[in-house]
Amino acid sequence: MNKKRFYITTTLPYVNAAPHVGFALEIVQADAIARYHRELLGEEVFFNTGTDEHGLKIYQKAIEEGKDPQAYTDEYAAKFDHLKQALNLSYDNFIRTTDSYHVAAAQEFWKRCAAHGDIEKKIYKTKYCVGCELEKTDSELEDGRCSIHPNMDIQTVEEENYFFKFSNSQSALLELYARNPDFVIPPSRLGEIRKFIEGGIQDFSVSRLKRKMPWGVPVPGDPEHVMYVWFDALVNYVSALGWPEDTKKFEAFWGTKELPNAIQIAGKDNLRQQSAMWQAMLISAGLPPSRHILIHGFIISGGQKMSKSLGNVIDPFEIVERYGTDALRYYLLREVPTFEDGDFTIERFAEAYRANLVNGLGNSVSRIVKMAVLSGVDTMYEADFAHDPAFAAFKEYMDRFELKKAADGIWERIGNLDKKIDETKPFKLVRENPGAAKKILRELIEEIWKIDYMLKSFLPETSKKIEAILKHPETIVPLFPRIDA
RNA sequence: GCCGGGGUAGCUCAGUUGGUUAGAGCGUCUCACUCAUAAAGAGAAGGUUCGUGGGUUCGAUUCCCACCCCCGGUACCA
C-alpha cells in the first residue's frame, strides 16, 4: 500500500511588489497544513507555491526600471528565498510561470479547452481614456467617465480576443458545488460563489494582442496573441505536478474525477477565480476538479486596510527580525481567525507574544524542566501520541483546516500544565514525598513531549528547541526572550 | 443600488435545534506562592442584557419585519 498523497498549493503572488503580511498569512497557513500531513500523518506531501510573472503590470514595471522583463522577474523570484527563510516554509516546489515547462503546459491546456469548443474569437470591447492613453475597466470609471479626465469622453476600442466560454460551465459548476458541500471552506464562501454562478455568468477574455503587450505565453497557432495572464497563471496548479507529461504524478497528487485530492488556499478576493473560473477551465480540459478551496480573510491593521499613507503597514520581515519566525507564525495561525479578517497591530502582536509565548509556552517549559532537573527526573519520552484523546481532537480540527481552533487546543494544554503545578505543588511536595513529586513531574514532562509533537506543524523551530531542551535539560535557555515594547 | 459578511464585557471573539443568574482568552484590580523568563495561580470588577425599533412566543442574543452603522465584492487588477 502506497503512502497517502497530499497536495496543497497557494495562489501565486504577482511580482510587482514586495511580499506583504497578507501573503505571509496564506503561505504560513498552507505550510502548517503541509507540515501536519507530512510530519504528523506521514503522508507524501507536495506543497506548491511560486510566482506569477506575466502580464501588463510586470511588463510596465520592468520597462519602468529599465530592465528586461525576464531579468526583473528573476530578481524577484530570488527574493522569495528571503520569505522562505523568514517564515521557515517547507514548500516542495517553487514554480515560476515563466518556467518553460509551465509555458508548455499552459499551451497544452489551452489546446484542450479549444478542442472542447470552449475557446473562440470574439470582439472584445475595451474602454479607453484618451487623456490617460490607457484602457480602463468599469470599476475604474465613475458614471462612465475617467476620474482623472472627467471632461473627456471614454472611447470604446474594439479588438479581437479569444474568449473562454465560461457560460458553458454554469450547470457543471452548480453540480460540483451541490455534490461537494465542503468544496469551498468555509461554507459561507461556497454560498457566495454559488449565488454568483446562479445569477448567470459571462464569458471572459483570455488573450491579449501581442503587439500591445508581448509579455505572455504565446497562444498556440496564433502569433498575434498571447494568453491573458489569468489563464496561464491558473494552469500552474497542474503544471507544477508535471502535467501533461507526468500523468502518474499528476494523478497521484491531483487526484481523479472520482477522488479529487488537491487542496487550494486563496484569499477571499480570489474566490471567483479559484472556485469558479479555474474549475470551469479544468472541466473544459477534461481534468478533475480541486478537492477543497480554502478561503482566508485579509489582514487589516487597526481596523483599517493597510496602506502606506496610513502608516499602518506591517512588514513581516521586521517582525521576524525582532521577535523571531515562530512568533510571527504563531500570530498568523492563532491570533488571526483562520477564515476571516484579522487585525494585526504591533501592540496586539507584542501582547500576544508576551502572554502566550513568553509567559505561556516558554515559561511553562522552563519551570517544569528546571524542577525535573532539580529532582533528577528523566526527561526523555517515547510515546504513541496517536492514541492520546486530546490529540484526536486536535487531529479533527486539523483535518477540517481549523488551524486556530487546533492551536487553541494546544494552548489549553499548556495552560493546564501551570494549573497542575499550582494544584499539586511538586516543588514543595518534593521535600515531603519525593516519590510522589517525581511522578507528577514525570507526567508533566510527558505532557510537554505531546505538546511539542502538536507544535511541529505550527512552530517547527520552537518544537525543535523544546526537544533539544528535553534531551539536554541542564542547558535550558528561555524559548522566547522578553522583548521590551 | 445590488450581493455577501458583521455589529455580544476595555480588546479579540464563543454562543446551530429559543429556556434558569449571557461565556472564554487577553488587559485591569486584589490576594497568595516561589519551581520558572520580576513569571505562573486564585478571586474580583466589568455587558444600562447581546446595533436600533417593532413582531411571534409563556419566554429570544438565538425566529420574522423594518431601520442604522462597519467591512468586502460588484467580473478582465493579478
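First the proteins, then the strands, lettered A, B, ... as listed; each starts at 1. None of the values given here were measured: they were computed from a predicted structure.
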Given B:U34, B:C35, B:U37, the nucleotide with the shortest approach to the side chain of A:S366: B:U37
Spacing of the C1' atoms in B:G19 and B:U49 (rounded, Å): 15 Å
Those residues of residues 232-240 of chain A lying under 4.0 Å from RNA chain B by at least one heavy atom: none
Nearest to side-chain heavy atoms of A:R482, which nucleotide of B:A39, B:C35, B:C76: B:A39
Test item: A:D68 side-chain N/O and A:Q70 main-chain N/O as donor-acceptor pair under 3.5 Å: yes
Side chain to side chain donor-acceptor pair (under 3.5 Å) contacts touching residues 224-236 of chain A (sequence neighbours left out): A:N48-A:N236, A:H54-A:D232, A:H102-A:D232, A:S207-A:H225
B:G27 versus B:G72 - spacing of their P atoms, nearest Å: 30 Å
Within residues 184-209 of chain A or reaching into it, pairs that qualify as ring pair (Phe, Tyr, Trp, His ring centres under 6.0 Å) - sequence neighbours excluded: A:F164-A:F204, A:F166-A:F204
Atom pair distance, as rounded to whole Å: CG in A:N363 and C1' in B:A39: 5 Å
Sugar-phosphate, base or nothing in reach of A:D203, heavy atoms under 4.0 Å: base
Protein-nucleotide distance (A:M227, atom CE; B:A78, atom P), rounded to Å: 15 Å
Rounded distance (Å) that lies between atom P of B:U74 and atom CD of A:E192: 11 Å
Sugar-phosphate, base or nothing in reach of A:G55, heavy atoms under 4.0 Å: nothing
Ring pair (Phe, Tyr, Trp, His ring centres under 6.0 Å) partners of A:F349, counting only residues at least two apart: A:Y323, A:Y331, A:F344
RNA chain B-proximal residues of residues 351-360 of chain A, any heavy atom under 4.0 Å: A:E351, A:R354, A:A355, A:V358, A:N359
Among B:C35, B:A39, B:U74, the nucleotide that comes nearest once only the side chain of A:R272 is considered: B:U74
Rounded distance in Å between the C1' positions of B:U16 and B:A9: 24 Å
Short N-O contact, A:K464 and A:E467, less than 4.0 angstrom: no
Separation of atom CD1 in A:I368 from atom C1' in B:A39, rounded to whole Å: 13 Å
A:Q202 versus A:S167, side-chain donor and acceptor atoms under 3.5 Å: no
Closest listed nucleotide, where the reference is the side chain of A:K268 and the choices are B:G41, B:G5, B:G72: B:G72
Atom P, compared across B:C65 and B:C76: separation rounded to whole Å: 33 Å
Nearest-Å distance once atom P is located in both B:A38 and B:A14: 34 Å
Sugar-phosphate only, base, or nothing, as touched by A:E423 at under 4.0 Å among non-hydrogen atoms: nothing
Listed nucleotide nearest any side-chain atom of A:S205, set B:C35, B:A78, B:C76: B:C76
A:N416: side chain to side chain donor-acceptor pair (under 3.5 Å) partners, not counting sequence neighbours: none
Euclidean distance for P, B:C50 against B:U21 (whole angstrom): 14 Å
Nearest-Å distance for atom pair CZ/P, residues A:F163 and B:A75: 14 Å
Sequence-distant partners of A:R194, side chain to side chain donor-acceptor pair (under 3.5 Å), two or more places apart: none
Matching residue for A:Q170 among A:L173, A:L174, A:N168 - test: side-chain contact (heavy atoms from CB on, under 4.5 Å): A:L174
Donor-acceptor contact present, side-chain A:K404 to main-chain A:R334, <3.5 Å: yes
Test item: side-chain donor near acceptor, A:E53 and A:T97, under 3.5 Å: no
Residue closer to the 5' end of RNA chain B, A:V477 versus A:K405 (nearest nucleotide): A:K405
Involving RNA chain B, stems made of at least three consecutive Watson-Crick or G-U pairs, both distances under 3.5 Å: B:1-7 with B:68-74, B:10-13 with B:23-26, B:28-31 with B:41-44, B:51-55 with B:63-67
Sugar-phosphate only, base, or nothing, as touched by A:L479 at under 4.0 Å among non-hydrogen atoms: base
Nearest-neighbour nucleotide for the A:Y14 side chain, B:C35, B:A78, B:C33 considered: B:A78
From B:C33, B:A78, B:U37, nucleotide with atom closest to A:K428 side chain: B:C33
Side chain to side chain contact (heavy atoms under 4.5 Å, CB included) partners of A:K122, counting only residues at least two apart: A:E120, A:F163, A:D203
Integer-rounded Å distance: B:C76 C1' and A:W278 CH2: 18 Å
Note: A:D52-A:R96 ion pair, threshold 4.0 Å (strictly below): no
Between B:C35 (P) and A:I440 (CD1): distance, integer Å: 15 Å
Ring geometry between A:Y162 and A:W110 (parallel below 30°, tilted from 30 to 60°, perpendicular above 60°): perpendicular
Nearest-angstrom distance from the residue atom CZ of A:R431 to P of B:C35: 6 Å
Partners meeting ring pair (Phe, Tyr, Trp, His ring centres under 6.0 Å) with A:H296 (sequence neighbours left out): none
B:U61 and B:U20, which share atom name C1', separated by this distance in whole Å: 16 Å
Closest listed nucleotide, where the reference is the side chain of A:K195 and the choices are B:C3, B:A75, B:G72: B:C3
Gap in Å between the two C1' atoms, one belonging to B:U12 and one to B:G47, rounded: 16 Å
Nearest-nucleotide comparison on RNA chain B, the residue closer to the 5′ end among A:N270 and A:G200: A:G200
Sugar-phosphate, base or nothing in reach of A:K419, heavy atoms under 4.0 Å: sugar-phosphate
A:F204 side-chain proximity, nearest of B:A78, B:C76, B:A75: B:C76
Got a list of side-chain donor-acceptor pairs under 3.5 Å for residues 265-273 of chain A, not counting sequence neighbours?
unit_1 : atom_1 : unit_2 : atom_2 : d
A:K268 : NZ     : A:D341 : OD1    : 3.1
A:K268 : NZ     : A:D341 : OD2    : 3.0
A:N270 : OD1    : A:Q274 : NE2    : 3.1

Report, one pair per line, the protein and nucleotides 12-14 of chain B atoms (nitrogen or oxygen only) whose separation is under 3.5 Å.
unit_1 : atom_1 : unit_2 : atom_2 : d
B:U12  : O4'    : A:R348 : NH1    : 3.1

Under 3.5 Å side-chain donor-acceptor pair for A:Q264 and A:W278: yes
Sugar-phosphate only, base, or nothing, as touched by A:G267 at under 4.0 Å among non-hydrogen atoms: nothing
